[in-house]
Amino acid sequence: MSHQPRTLYEKVWDAHVVERRDDGSCLIYIDRHLVHEVTSPQAFEGLRSNGRRVRRPDLTLAVPDHNLPTTARVDAAGRELPIADRDSAEQLDALRTNVAEFGVPYIDALAAEQGIVHVVGPEQGFTLPGTTVVCGDSHTSAHGALGALAFGIGTSEVEHVLATQTLILSPSKTMEVRVDGTLGFGVSAKDVVLSIIGRIGAAGGTGYVIEFTGEVIRNLSVEGRLTIANMSIEGGARAGMIAPDETTFAYLKGRAMAPAGTDWDRAVEWWRTLPSDAGARYDRTVTLSASDIAPALTWGTSPEDVVAITGVVPEPESFADPSKQAAARKSLDYMGLKPGTRMQDVAVQHVFIGSCTNSRIEDLRAAAQVASGRRVADGVRAMVVPGSGLVKRQAEAEGLDRVFAEAGFEWREPGCSMCLAMNPDKVPPGERCASTSNRNFVGRQGPGARTHLLSPAMAAAAAVSGRLTDVRDLI
Amino acid sequence: MEPVTRVAGTAYPWGQKNVDTDVIIPAHWLKTIKRSGLGRGAFEVVRAQPGNIFDDPRYAGSPILIAGDNFGCGSSREHAAWALADMGVRAVIAPSFSDIFSGNAFKNGIVTVVLPQEAIDRLIAVAQDGEITVDLETMTVTTPYQDRFPFTLDPFRRRCLIEGLDEVGLTLAKDTAISKFEEAMHRQRPWIKDRSGNAGIAVEGAGRT
């Protein structure tokens with residue numbers, strides 16, 4: 001091993017090389033594989049038709065999330081309720097059958113531990129610093145918040161990992177995104193990551209693994225860090241990482257699947273060696289100052305279309321690139337917005353608080369703080385979808401469910417919900433949603449749905465005022 | 001995987017930037033447990049528009065798609081590659097691709113060709129009425145008008161495409177190396193294997209979720 005200073009990414013990469021190949025690519029060992037119902041059926045089918053087995057079921061964890069309705073799952077007598085959508089039911093059944101046949105550990109839809117795969121991994125301590133984590137879902141980047149090298153894969157790669165516990169990968173370039181200073185009043189992790197994507201663009205991170213550094217990142221909780229790493233992919237980076245530190249260790253200690261006893265001590269000792277060495281080189285560095293970051297949201301149909309809540313809908317002509325001008329015109333047409341309109345004058349009909357980006361306990365606390373003692377505005381439907389059964393239980397123990405219910409928010413069962421229009425939670429055509437999710441693509445929340453991405457506190461502010469609102473006016 | 005050395009024919013002269021996988025195949029098409037039949041859902045939202053490029057008789061059934069920067073961004077869904085393959089697309093030419101999409105495309109025998117924007121502009125002009133050839137032997141994109149644009153491809157991916165290799169089968173043959181790595185890992189990082197150290201300790205009991 002060389003004595004060159006190395007980045008966090010390079011250290012994790014080096015620790016997982018099974019074999020270096022002549023062309024520079026490597027066979028990389030995968031420590032943790034998360035599986036859900038949408039991107040796995042064809043992978044299990046591939047194993048079956050080739051007579052192959054799952055190499056390491058003990059390093060694999062399956063949980064359903066994308067398709068599950070977020071309404072009650074059992075009736076008053078505790079019997080499981082059927083899922084009305086036949087295709088969804090078939091996909092969920094396929095997961096149950098496949099995990100039983102191949103012996104993969106599984107958290108069932110009815111278990112308290114069920115939730116969105118990217119909420120469950122860290123919460124169970126399945127995700128650990130210095131591990132390689134994959135899942136057939138692009139928001140796997142979230143797990144990088146704990147210092148893991150975590151990225152989304154396609155179904156053929158899911159099959160490859162199930163069969164071999166490895167992937168053939170070429171090293172990525174490295175990008176440091178440093179956020180200096182201290183966040184202002186009412187500014188959250190979501191505002192930070194939206195501002196980063198607004199700065200580097202939706203393709204800015206393509207080919208890179210991002211490492212988020214700086215005082216702002218250091219001072220964030222693990223929940224906040226998960227929000228940031230989660231959206232790395234929206235800046236084009238397949239993975240985003242944050243160096244593990246005392247905050248990370250305190251979060252993980254005692255979690256159900258985290259190491260214990262002497263294993264824990266040995267693990268922490270190794271984890272402490274992982275942060276990037278002084279003098280380690282990145283291929284690119286981008287710096288942001290916390291003082292420039294305001295509560296932010298999107299105006300268009302790409303996550304790079306970011307503006308401060310105090311701003312206005314931009315003029316397409318204000319962009320230098322002619323193809324961006326054309327894209328902005330199309331976006332504004334789809335979004336039903338006129339250039340120059342103040343963002344705070346835009347009315348919403350839906351509010352969604354949830355998704356793998358923002359459905360953890362801190363997110364719900366931030367939203368509840370705004371909702372407390374207020375009422376959801378007339379003409380607005382607002383829903384809160386906890387990221388897991390354990391988050392839901394914790395929130396209920398803190399009385400957050402009552403705060404939301406009294407304010408007129410729906411309090412629902414865990415799942416991906418309104419993030420991606422694969423289950424009954426959808427935004428109707430032409431209607432507008434203030435959403436804590438991660439993608440504002442055309443049709444993402446339902447055909448014709450108009451999405452504004454923002455933080456949980458900003459979403460709650462939009463719910464109670466019926467329009468996009470500067471949360472700083474309410475807290 | 002079917003071997004592919006050459007893709008030739010008409011091309012959709014689209015040039016659209018930031019085409020995300022929700023546009024290539026909307027989420028409601030993802031509720032399938034098969035790989036086939038997704039061509040019907042490909043570009044559903046685009047095809048709902050009258051006069052769209054995919055239903056233009058000049059280009060319908062083209063084996064090549066020409067797009068702008070960041071093609072295939074967003075979701076990791078391999079259904080995007082399956083949908084393109086099912087509608088007959090064998091090569092996509094763009095200035096850049098999302099990392100996950102290009103991997104998925106490759107595993108389904110779709111060639112992703114990266115060319116600079118100037119070349120894309122020229123190919124879009126040619127594709128209005130001319131055919132385009134992507135050749136993996138010579139690693140060039142050519143037109144009937146003597147245009148010749150060289151491109152590069154990861155050598156391993158190129159070999160897999162040309163020989164139609166099964167990547168899982170290739171890696172399974174590395175079993176000895178993988179087992180050796182696992183033995184060393186179990187010594188150096190035993191906690192990776194023994195992951196139920198705290199089983200039975202209620203997570204919420206620690207005051208956290």
Side-chain angles (χ1 to χ4, degrees), chain A residues 18-19 23 25 27 29 31 38-39 41-42 58 67 87-88 90-91 94 123 136-138 152-157 159-160 163-166 168 170 202-203 206-207 236 238 254-261 263 266-267 270 302 323 327 361 390-391 393-394 420-422 439 441-444, chain B residues 15 17-18 20 22-23 26-28 30-35 45 68-70 73-79 81 96-101 103-104 107-108 154-156 167-169 171-172 174 177-178 181-182 185 188-201 203-204 206 208-209:
Chain A
V18 174
E19 191 176 273
D23 62 3
S25 65
L27 189 62
Y29 198 81
D31 295 330
V38 179
T39 55
Q42 295 87 350
D58 60 323
N67 268 290
D87 292 336
S88 288
E90 187 184 15
Q91 218 167 37
E123 183 174 81
D137 188 284
S138 61
I153 56 178
T155 299
S156 293
E157 290 172 312
E159 185 178 336
H160 195 277
T164 71
Q165 205 59 33
T166 64
I168 298 161
S170 292
T206 305
R238 199 170 179 181
R255 299 220 170 239
M257 296 181 184
D263 267 359
R266 283 186 70 179
W270 187 63
S302 167
S323 68
I361 190 68
L390 295 184
V391 170
R393 190 187 286 179
Q394 175 79 23
L420 87 168
M422 269 199 84
R439 287 195 175 127
F441 297 161
V442 168
R444 174 77 181 184
Chain B
K17 279 179 103 161
N18 285 326
D20 59 68
D22 278 79
V23 164
H28 68 95
L30 270 49
K31 296 181 190 180
T32 173
I33 56 172
K34 301 198 194 81
R35 291 176 198 244
V45 177
D69 253 323
N70 203 23
C73 62
S75 156
S76 65
R77 58 189 70 164
E78 194 161 322
H79 309 67
S96 66
F97 292 88
S98 97
D99 296 331
I100 301 178
F101 174 80
N104 287 340
K107 288 182 172 62
N108 289 278
D154 178 285
F156 173 70
E167 212 184 303
V168 177
T171 305
L172 281 171
K174 306 276 184 193
I178 298 171
F181 179 93
E182 284 176 330
M185 178 184 83
Q188 292 156 6
R189 295 185 290 134
W191 60 88
I192 298 298
K193 183 165 165 277
D194 310 325
R195 68 167 163 78
S196 52
N198 296 301
I201 298 175
V203 174
E204 59 277 21
R208 297 187 298 251
T209 61

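To find a chain, count down the sequence lines: A is the first, B the second, and so on, and within it residues start at 1.
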Between A:A327 and chain B, which part of the residue has a heavy atom less than 4.5 Å away: side chain, backbone, both or neither? neither
Tell me, for A:T166 versus chain B, whether the close heavy atoms (under 4.5 Å) come from the side chain, the backbone, both or neither. side chain
Report yes if the side chains of [X] and [Y] come closer than 4.5 Å at any heavy-atom pair, otherwise no.
| X | Y | value |
| --- | --- | --- |
| A:S156 | B:E167 | no |
| B:E182 | A:V18 | no |
| A:D58 | B:K193 | yes |

Can you say whether [X] sits under 4.5 Å from chain A via the side chain, the backbone, both, or neither, judging by heavy atoms?
| X | result |
| --- | --- |
| B:F97 | backbone |
| B:S75 | both |
| B:N18 | side chain |

Inter-residue atom distance A:T206.OG1 - B:N70.CG, 0.5 Å rounding: 4.5 Å
Can you tell me how far the CG atom of A:D137 sits from the CD1 atom of B:I100, to the nearest 0.5 Å? 8.5 Å
Residue among A:L420, A:V442, A:I153 with most heavy-atom pairs under 4.5 Å to chain B: A:I153
Would you check if the side chain of A:R444 reaches a backbone N or O of B:D22 as a donor-acceptor pair within less than 3.5 Å? no
Basic-acidic side-chain contact under 4.0 Å: B:R189, A:D31: yes
